[in-house]
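Counting starts at 1 for both ligands and their atoms, following the listed order. Numbering starts at 1 and runs along the sequence shown.
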Amino acid sequence: MDEQIITIERHIIEQQRRYPEATGVFSNLMYDIALAAKIIARETTRAGLVDVLGLAGKVNVQGEQQMKLDLFANETMIRMNSYTGRLAVMASEENENIIPIPEEYGIGKYVLIFDPLDGSSNIDVNVSIGTIFVVYRRVSTGGMGTLEDCLQKGRHLVAAGYVVYGSSTMMVYTTGHGVHGFTLDPGVGEFLLSHQDIRIPAGPKYYSVNQGYEQYWSTGVRRFTRWLQGMDQEFPRKPLSSRYIGSLVADFHRNLLDGGIFYYPADTRKHRGKLRLVYEAVPLAFIAEQAGGYASDGRCNILDVQPESLHQRTPLFIGNRELVERAEEFISRYDV
Ligand code: F6P
């Protein structure tokens with residue numbers, strides 16, 4: 001056997017050894033999430049068979065009612081995590097309110113927040129989609145977890161990660177000691193360490209934004225984009241290449257590995273942007289920071305924003321630190 005093969009389970013256990021006081025609850029929670037991701041991955045690879053096999057809202061060959069993939073992913077995350085006794089409360093982008101843990105299962109000390117299947121417009125066209133998650137320690141004392149447990153600043157999170165269902169399935173996570181990526185080996189059904197200690201490359205390659213909405217942007221965002229394209233007369237630079245998938249996880253993942261910036265700004269139609277602070281921006285901001293990058297809402301660090309409601313939206317600029325800081329400069333200079 002090759003001793004270099006490191007499964008996600010082994011990696012999680014080795015991370016746990018850094019904390020002699022750890023009880024193993026957190027490690028098991030990470031493993032629960034990895035297991036849920038494998039189940040979701042199995043279904044996403046069958047998504048194209050929906051019409052062929054008569055799924056989605058219809059009855060399949062086993063006589064079972066089939067769910068839409070995003071609802072299936074949501075149910076999977078909830079079911080795999082509600083009975084373990086490790087969580088106090090959950091919140092999902094798909095649910096309006098917090099998701100309480102049924103008392104008969106036991107109430108734990110962690111809080112799990114997730115976007116079960118992000119990039120929904122890409123599901124039906126066989127383009128990469130993803131799951132995003134973040135873990136906090138509960139702040140409430142005793143009993144069921146509360147909304148307050150779910151509305152903590154990103155700065156206080158314990159772990160964050162995502163799963164990208166692409167040409168292969170990858171899970172990327174951090175507990176604050178670097179960012180590590182695992183690729184699912186479908187043959188053995190296990191995530192294997194493939195990207196250790198990911199750092200955003202110093203020389204960025206890409207900028208990623210939905211340029212179709214440029215007419216709604218502020219002057220600062222337009223000027224910043226011209227700068228990225230190497231067309232700002234005052235601050236000339238080499239142009240970056242443009243890439244935009246429209247799946248946040250996939251766009252972020254590519255830029256994490258190759259260097260660059262993703263942004264979804266506020267605009268005249270969406271005054272607070274489109275993306276969700278708690279489910280999307282915060283977890284990716286922490287991952288970016290752990291990889292040497294930075295995430296901002298255009299004016300301040302995403303991890304310092306106090307969430308006021310579960311589904312609150314935020315503008316997001318994320319990727320190489322120098323590019324995100326430049327975005328902040330353009331915004332403070334041109335937008336009042
Ligand atoms: O938040 C949902 C989402 O699908 C993200 O994954 C993605 O980055 C964004 O919306 C795409 O939005 P648009 O189609 O407006 O560019």
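Ring pair W227/F330 is tilted by interplanar angle, where 30° to 60° counts as tilted. Using a 30° and 60° split on the angle between ring planes, Y263 and F317 fall in the parallel class, below 30°.
Remark: R321 engages E325 in a salt bridge, criterion side-chain N to carboxylate O under 4.0 Å. Comment: K153 does not engage D304 in a salt bridge, judged by the lack of any side-chain N to carboxylate O separation of less than 4.0 angstrom.
Looking only at protein heavy atoms, the nearest one to atom 12 (O) of ligand 1 is K274 NZ, 2.9 Å. Considering only non-hydrogen protein atoms, atom 6 (O) of ligand 1 sits nearest to D118 OD2, 2.5 Å. Taking atom 4 (O) of ligand 1 as the reference point, the nearest protein heavy-atom neighbour is G119 CA, 3.4 Å. If you check which protein heavy atom lies closest to atom 7 (C) of ligand 1, you get G246 O, 3.3 Å.
Under 4.0 Å from ligand 1, the heavy atoms of L275 that appear belong solely to its side chain. With a heavy-atom cut-off of 4.0 Å, R276 does not touch ligand 1 at all. At a heavy-atom cutoff of 4.0 Å, ligand 1 is contacted by both the backbone and the side chain of L248. Of the heavy atoms in F252, none comes closer than 4.0 Å to ligand 1.
Interface atoms of ligand 1 facing F262, defined by a heavy-atom separation under 4.0 Å, are 8 (O). Numbered from 1 in the order shown, with element, the atoms of ligand 1 that lie under 4.0 Å from a heavy atom of Y264 read 12 (O), 13 (P), 15 (O), 16 (O). Annotation for ligand 1: atoms under 4.0 Å from non-hydrogen atoms of Y213 are 15 (O).
Panel note: side chain H180, backbone D197; a donor-acceptor pair is recorded below 3.5 Å.
Taking the centre of each ring, Y136 and Y110 stay at or above the 6.0 Å mark. Taking the six-membered ring wherever Trp is involved, the centroid distance between the rings of Y279 and H311 falls below 6.0 Å.
Residue-to-ligand polar distances place E280 within reach of ligand 1: an N/O pair is separated by less than 3.5 Å. For S247, no nitrogen or oxygen atom sits less than 3.5 Å from a nitrogen or oxygen atom of ligand 1, counting backbone and side chain alike. Where the criterion is an N or O separation shorter than 3.5 Å, residue side chain and backbone included, Y244 meets it with respect to ligand 1.
Note on V135 and Y19: separate hydrophobic clusters, where clusters join Ile, Leu, Val, Met, Phe, Trp and Tyr whose side-chain heavy atoms are under 4.5 Å apart, directly or indirectly.
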- Message: Quick one, D115 with R276, criterion salt bridge (charged side-chain N to carboxylate O under 4.0 Å, His left out). Give me CA distance, side-chain angles, the key distance, then yes/no.
- Response: CA-CA 9 Å; D115 183 351; R276 312 283 177 162; over 6 Å; no
